[in-house]
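Input: a single structure, listed below in structure tokens.
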Amino acid sequence: MPVKHMLAASAGEVVACLIRVPSEVVKQRAQVSASSRTFHIFSNILYTEGIQGLYRGYKSTVLREIPFSLVQFPLWESLKALWSWRQDHVVDCWQSAVCGAFAGGFAAAVTTPLDVAKTRIMLAKAGSSTASGNVLSALHGVWRTHGLSGLFAGVFPRMAAISLGGFIFLGAYEQTRSLLLELGRERP
């Protein structure tokens with residue numbers, strides 16, 4: 001089962017990134033040039049770089065998201081199983097949410113270097129070597145100029161945001177799953 005879940009999560013991330021990456025590229029460029037409007041940034045990317053400009057960082061985003069999912073979901077399931085075993089009954093939804101927060105925060109921490117590389121690639125000047133999308137090259141450049149602290153830049157805000165998201169998303173998922181299972185048992 002874990003391999004099936006990992007493959008499904010990975011396939012889902014590849015498809016989700018088709019929508020997530022263009023919006024992320026526009027958002028990040030808006031954040032570094034606050035004077036421009038979103039539509040202007042979007043239009044400028046299309047005019048100067050073409051459609052591939054909107055997908056700059058697609059590979060690096062997928063290379064961040066897949067390891068994230070491969071860490072988060074098995075860890076979430078393992079933590080729920082451990083908690084269930086310790087208390088001798090299935091975890092409640094709030095406990096699943098706590099497990100989701102921890103799993104999300106941990107996955108965020110260990111994938112932060114990939115997030116740093118993705119951000120560098122998306123924000124790099126068009127035509128630069130970083131803009132080409134080589135993740136290892138981007139990581140090496142950060143390591144060379146900023147060391148380990150550069151690779152983990154923003155780790156605590158990233159962990160906090162993703163922990164909160166994991167708590168809400170995985171807690172809501174578990175609650176919805178429980179309700180649907182209950183409804184299924186009530187129907188003949």
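Sequential numbering from 1 along the given sequence is applied to the chain's residues. All values derive from a computational prediction rather than experimental measurement.
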hydrophobic_cluster_shared for I162 and L164, side chain cutoff 4.5 Å: no
Hydrophobic clustering (ILVMFWY, side-chain heavy atoms < 4.5 Å, transitive) - are V21 and V135 grouped together? no
I66/V14 under side chain to side chain contact (heavy atoms under 4.5 Å, CB included): CA gap, chis, key distance, verdict: CA-CA 8 Å; I66 290 176; V14 168; 4.1 Å; yes
To the nearest 0.5 Å, atom CD of E77 lies from atom OG of S96 at 7.5 Å
Output yes when R64 and E24 qualify as a salt bridge under the 4.0 Å nitrogen-oxygen rule, no when they do not. no
Spacing of NE2 belonging to H140 relative to CG belonging to N134, to within rounding of 0.5 Å: 11.0 Å
Relative to each other, are the rings of F106 and F102 parallel, tilted or perpendicular (30° and 60° limits)? parallel
Quick check for you: to the nearest 0.5 Å, what is the distance between L70 atom CG and S10 atom OG? 4.5 Å
Correct closest heavy-atom pair for A138 and A117 would be CB-CB, 4.0 Å
Has S163 got a side-chain atom pairing as donor or acceptor with G104's backbone, closer than 3.5 angstrom? no
Linked, directly or transitively: L7 and V15 (ILVMFWY side chains, under 4.5 Å): no
Atom pair CG (L151) and CG (D115), whose distance is rounded to the nearest 0.5 Å: 12.0 Å
Assigning hydrophobic clusters by single linkage (Ile, Leu, Val, Met, Phe, Trp, Tyr; side-chain heavy-atom cutoff under 4.5 Å), is F156 placed with F152? yes
Contact between Q72 and L170 at the side-chain level, heavy atoms closer than 4.5 Å - yes or no? yes
State, with a plain yes or no, whether a side-chain heavy atom of M122 is found less than 4.5 Å away from one of T61. yes
For the residue pair G133 and K59, what are the closest heavy atoms and their distance? O-CE, 4.3 Å
Closest contact, heavy atoms only, A9 versus F73: CB-CD1, 4.4 Å
Sequence neighbours excluded, which residues qualify as ring pair (Phe, Tyr, Trp, His ring centres under 6.0 Å) partners of Y173? W76
Please report the closest heavy-atom contact between V25 and L54, naming both atoms and the distance. CG2-O, 3.5 Å
Just verifying a value: how many Å separate K118 NZ and E65 CD, rounded to the nearest 0.5 Å? 8.5 Å
Could you tell me whether the side chain of R20 reaches within less than 4.5 Å of the side chain of E13, counting heavy atoms only? yes
Looking at every non-hydrogen atom in both residues, tell me the closest pair between A103 and L79 and how far apart they are. N-CD1, 4.3 Å
L82, L75: one ILVMFWY side-chain cluster at the under-4.5 Å cut-off? no
Given side chains that start at C-beta, do those of T112 and M159 come closer than 4.5 Å, heavy atoms only? no
Flag if over 12 foreign heavy atoms under 6.0 Å of CZ, F68: yes
Of all heavy-atom pairs linking R29 and I45, the shortest is NH1-CG1, 3.1 Å
Strictly distance-based, threshold 3.5 Å: is any side-chain N or O of Y58 a donor or acceptor partner for the main-chain N or O of P22? no
Would you check if the side chain of T111 reaches a backbone N or O of L114 as a donor-acceptor pair within less than 3.5 Å? no
Going through the distances and angles, do L181 and R177 end up as a side chain to side chain contact (heavy atoms under 4.5 Å, CB included)? CA-CA 6 Å; L181 287 173; R177 183 177 171 273; 3.9 Å; yes
Does a donor on one side chain and an acceptor on the other come within less than 3.5 Å for R120 and S60? no
How far does CG of N44 sit from CD1 of I41, to the nearest 0.5 angstrom? 8.5 Å
